[in-house]
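So that we are looking at the same thing, I have put the structure below in C-alpha cells.
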There are 2 protein chains.
Amino acid sequence: MPSRRPRDPLSAGAVTMAEVAREAGVSRATVSRVLSGSAEVAPERRDRILAAIDALGYIPSAGAQQLAGGRSRSIGLLIRDSRNPTYGLLHSEVQRRADEAGLEVITAMPTSYRGAPHEMDALRRLLALRVGGLLVATGVVRTADLTQFAPVLPVVSVGRPEDDPAVYGVSYDETGNGHAIARALHDHGHRRVAVVCPPTEHSLAESLRGRTVTAVLRELGCEVVEVPTTQFGTAADGTDRVIDLARDGVVTAAMFSSDLRMLDFVSRARGVGVEVPRDLAVIGCDGVMHGLEYMGLASLRVPVEEVARRSVEVIAQMMADRESVGIRHETYTGQLLPGASLGP
Amino acid sequence: MPSRRPRDPLSAGAVTMAEVAREAGVSRATVSRVLSGSAEVAPERRDRILAAIDALGYIPSAGAQQLAGGRSRSIGLLIRDSRNPTYGLLHSEVQRRADEAGLEVITAMPTSYRGAPHEMDALRRLLALRVGGLLVATGVVRTADLTQFAPVLPVVSVGRPEDDPAVYGVSYDETGNGHAIARALHDHGHRRVAVVCPPTEHSLAESLRGRTVTAVLRELGCEVVEVPTTQFGTAADGTDRVIDLARDGVVTAAMFSSDLRMLDFVSRARGVGVEVPRDLAVIGCDGVMHGLEYMGLASLRVPVEEVARRSVEVIAQMMADRESVGIRHETYTGQLLPGASLGP
DNA sequence: CTGAAAGCGCTAACAT
DNA sequence: ATGTTAGCGCTTTCAG
C-alpha cells in the first residue's frame, strides 16, 4: 500500500471542503449542497457552514469541481495581443457581456504574431481547462483547425471572416465596410489610390478589407496600386513605397487596412516632409484608436461592442441548449469616421 | 451501490487517458509517463501512444492533472480592463515574458470600474483554478486584501504603488516620474499649473502621480490648482473647470494623470475654441497611447515592458523556490516624452 | 434533511 | 521499463 503522499508544498494551505465540514460539524455533502444551493439545508447548519467557510477562507477547487461535476460555466476566449487597441476593446467588451450573462471568461492570448501553431497551443490550454464554450478572436488560426472541436463544444468565431458551415460566425461586414471606404475615397475625388494591406496569413480580416476596397475602387473606375505590407517599422511595411508613390504623383490617396498602419505611415511621412492631406490623402480602418478625430484622420469604426455583445449572446445560448442554435454567419457593418485626412 | 452516472452531455466527447491507453494497448501510467516525460518508455510503445493521442485528439484535463499532481505551472494575472492602452500593453508583455519562461497565464479581468469587491471576485476565480502564483495589476483592490493570500502563494503587485511588507512590488517610480513632469513644466516657464487627477479609490497610481507633481511644483515655487476628476465625459471630469482656469488666465499649464484624460481634454477644449498650447500647455502621463508624438502631446512614458519583464522574473523565481526571494518593492523610472504641447 | 460512498481523470508511489 | 493502485477535492446518487 502506497504511503500517504505528503501535501505538496505549493498547494499546502489550500483549505479543502473536508476541513470546512469538520469545522462546521457536518458532512462534506452538506457543505457541497450549501455551496451549490442544490438542496435545502437546515438554516442553523447553513449558517454554521457559511461561517466556517468564511473563517477558513475556503475557496473551492475549480479543477475538482469540474472533474466531479462535469459541465462548466466558463467560456474560453482566444484573443489576439491587446497591444492593438481594437483587440483591447473587444476583450474588454466580451468580458463585460460575459459578466452580465453570469459566465466566467478564461482568456488565452497567443503572443504577438507567432503563427498558427502557437495559437493552437493557446487553444489547447483552453480546452484542457474544459471550458464550456469557445470564442475565437484571433486573426491567424484557420477555421479548419477549429472544426474538429465544434462537435465537442460550442465555438463562435468572433470578429474574423468566417464561412465554415460548422462554425458560428459573428464578425465585421468587411464587404460593406470596404464599400464605404472606397466610396468615401471616390467621393473626395480620388481616382488613383494605393491600398496597403497584409497577406492573408497575417490577418484574414485586414487582407479581406484591402481586397474589397481594391475591387470596389476598380469598379468605380479608379486606378489602384496594391502595396503589400508585413511588419511595422521594417523596410517591408510599404511606407517607403507609398511615400514614393505620393511624391511621384502616382496616387493621390492611400487606404490602410488598419489605423495602426495609417498612423505609422503619417508619422514617418511627416518625418520626410510628406504631409497629410496636402501631399496625400489617407484613410484607415478600425476607428477604435484614441485621438483619431483630434488628428483629423479618417477611418471606419468597426462595431466592436455589437460584435462582442452578440458573440456572448450566441455562445451563452449554445451552452444552454446546443440544438436550439442553428449555425449562422452574422456580420455587422461599421460607420465611416470622416476626417480632414481625406482631403477637400 | 450508486449506478454509473451517464456521461455528461457537455463533457461528452472529451477523450480520456484511459481511452488512449486502450487504443495503444498499454496502461494509463505509461501514457502519463510519455506525456510528462517523467520516465523512459520503450520507443516502440512511445510511438504507438503518440499516434493514439493524435488519432483520438486527446487533450489532458488540466483539472485532473492539478488535482492529482498538485503543483501548477500557471500564474494568475488580475489585470484591469484593456480598454486603456497601457493595460493592454502590460497584458501583452506579461504574456510574452511568461511564454518565454514556460509559464501559462490565466487572466481574469474585472470589468471597468466596478469597485474592489468585483475585483476580489475575479481574484477568487484565479485562486479557484489553483494557480501557482499571482500577478496583481489592477488599480483598485487594496493590498490589505491580498496579504491573506501571500502566505499561501507567491503574489506580486505589478505597476501599482506597493508598500505592504508581505507583498512583492514591481512598479513605476511615481515619485521620480512626478519630479520629471514637474521639472518639465517648470523648465518651460510655467508657474501656475492645474493638476488633474482622480481620488485614491479610483486609481492608486494616478492619484499618487498627481500628488507628487503638486508637491514638487509647490517646492519649485509654483502655484497649483488641484482639480479632482472622476469619470470621463461627465461634468465632474474637470474639463470644464480647466477650460475656465485657462480662459481666466489662472493657470498657463495643466498636468493630467493619464494620457487618456489629457486627450479627452484637448479634444473638448478645441471644441470650445481653447487651443493647445496656444491657450494652455498640457502634459499627460503613460506615454503608451499611439500617436502622441504625431499630436505633439507631451507625456511621460512609463516603463511597461521593464515592469512586465521583471514581474514575471520575480514570480517565476518565487514559484521555483519561495524562500530564495526576499520581499522587495522595486520601482522603475520612466522617460519624459517632450512635445509641442508644453509650450515654447 | 443528512450522511455514506462511488467515482470524475490523472499522477506518483509501489511492485514487479 | 511497465502495470497496479491509492488518492487528489469535489458532486451526486442512494439510503436512511
Side-chain angles (χ1 to χ4, degrees), chain A residues 1-22 24-49 53 56 58-73 127-130, chain B residues 1-22 24-49 53 56 58-73 127-130:
Chain A
M1 184 204 328
S3 67
R4 181 172 217 82
R5 174 159 32 99
R7 285 187 79 100
D8 183 282
L10 261 185
S11 53
V15 181
T16 73
M17 185 177 270
E19 301 178 49
V20 173
R22 192 179 326 117
V26 300
S27 75
R28 298 178 329 190
T30 306
V31 176
S32 176
R33 286 191 266 255
V34 168
L35 261 96
S36 64
S38 60
E40 286 299 297
V41 172
E44 180 258 349
R45 319 191 110 197
R46 230 186 79 91
D47 292 346
R48 245 183 320 144
I49 291 170
I53 287 175
L56 269 43
Y58 169 65
I59 296 179
S61 155
Q65 281 182 318
Q66 186 271 308
L67 198 55
R71 72 181 55 243
S72 166
R73 288 296 297 160
L127 289 156
L129 289 168
R130 298 295 188 261
Chain B
M1 186 204 324
S3 67
R4 181 172 216 82
R5 177 159 28 101
R7 286 186 78 99
D8 183 282
L10 262 184
S11 53
V15 181
T16 74
M17 184 177 272
E19 302 178 48
V20 172
R22 193 178 327 119
V26 299
S27 75
R28 296 175 331 182
T30 306
V31 176
S32 176
R33 285 191 266 256
V34 168
L35 262 97
S36 66
S38 59
E40 286 299 295
V41 172
E44 179 257 348
R45 320 191 110 199
R46 232 187 74 92
D47 292 347
R48 240 180 329 138
I49 290 169
I53 287 174
L56 270 41
Y58 169 66
I59 296 179
S61 155
Q65 281 181 316
Q66 184 270 309
L67 199 55
R71 74 179 56 244
S72 166
R73 290 294 298 158
L127 289 154
L129 288 166
R130 297 295 187 259

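Residue numbering restarts at 1 for every chain, and letters A, B, ... go by the order of the sequence lines.
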*Identify the heavy atoms of A:L67 and B:A64 that sit nearest to each other, and give their distance.*
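Minimum heavy-atom separation between A:L67 and B:A64: CD1-CB, 3.9 Å.
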
*So how far off straight is the helix from C:dC1-D:dG16 to C:dT16-D:dA1, going by the axes through five pairs at either end, to 10°?*
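It works out to 40° between the end axes.
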
Side-chain donor/acceptor pairs under 3.5 Å, residues 37-45 of chain B, sequence neighbours excluded:
unit_1, atom_1, unit_2, atom_2, d
B:S38, OG, B:S36, OG, 2.9
B:E44, OE2, B:R48, NE, 3.4

*Using whole Å, report how far CZ of B:R22 lies from P of C:dC10.*
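Result: 12 Å.
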
_Which atom of B:P60 lies closest to which atom of B:Q65, heavy atoms considered_ =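 In terms of heavy atoms, the two residues are closest at CB-NE2, 3.8 Å.
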
*Least distance between heavy atoms, A:T16 atom then A:Y58 atom*: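 A:T16 and A:Y58 have their closest heavy atoms at C-CE1, 3.6 Å.
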
*Minimum-distance pair of heavy atoms, taken over all atoms of A:L56 and A:V15*: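 Heavy-atom minimum between the residues: O-CG2, 3.3 Å.
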
*Looking at B:Q65, does any N or O in its side chain come under 4.0 Å of the phosphate oxygens OP1/OP2 on C:dT11?*
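True: B:Q65 side-chain N/O within range (under 4.0 Å) of C:dT11 OP1/OP2.
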
*Check every atom of C:dT2, D:dC10, C:dT11 against the side chain of A:M17 and return the nucleotide holding the closest atom.*
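For A:M17, the side-chain atoms sit closest to D:dC10.
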
*Hey, what do you get for OG (B:S72) to CD (B:Q66), rounding to the nearest 0.5 Å?*
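Those atoms lie 7.0 Å apart.
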
_I need the CD1-C1' distance between A:I49 and C:dG3, as an integer number of Å._
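In whole Å, C:dG3 C1' and A:I49 CD1 are 12 Å from each other.
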
*Between CZ of B:R22 and CZ of B:R28, what distance do you get to the nearest 0.5 Å?*
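The distance works out to 11.0 Å.
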
_Value in whole Å for how far the P atom of C:dG9 lies from CD of A:Q66_ =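 That distance rounds to 9 Å.
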
_Reported CZ-to-OG distance for the pair B:R130 and A:S61, which is rounded to 0.5 angstrom_ =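 The CZ atom of B:R130 sits 5.0 Å away from the OG atom of A:S61.
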
_At a heavy-atom distance below 4.0 Å, what parts of residues 25-40 of chain B sit against DNA chain C?_
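When residues 25-40 of chain B is checked for heavy atoms under 4.0 Å from DNA chain C, the hits, listed by number, are B:R28, B:A29, B:S32, B:R33.
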
*Measure from CD1 on A:I53 to P on D:dC10 and round the result to the nearest Å.*
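Answer to the nearest Å: 10 Å.
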
_Let me spell it out: for each of A:A18 and B:A42, pick the nucleotide of DNA chain D with the closest heavy atom. Which residue's pick is nearer the 5' end?_
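With A:A18 and B:A42 compared, the 5'-side residue is B:A42.
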
*Go through the steps to decide whether B:L35 and B:I53 satisfy the test side-chain contact (heavy atoms from CB on, under 4.5 Å), and finish with yes or no.*
CA-CA 10 Å; B:L35 262 97; B:I53 287 174; 3.5 Å; yes

*A:I59 has an atom CD1; how far is it from atom P of D:dG9, in whole Å?*
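Result: 15 Å.
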
*Using atom CG of A:L67 as one end and atom C1' of C:dT11 as the other, report the distance to the nearest whole Å.*
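Rounded to the whole Å, the gap is 12 Å.
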
_From CD of A:E44 over to C1' of C:dT2, roughly how many Å is that when rounded to an integer?_
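Atom CD in A:E44 sits about 13 Å away from atom C1' in C:dT2.
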
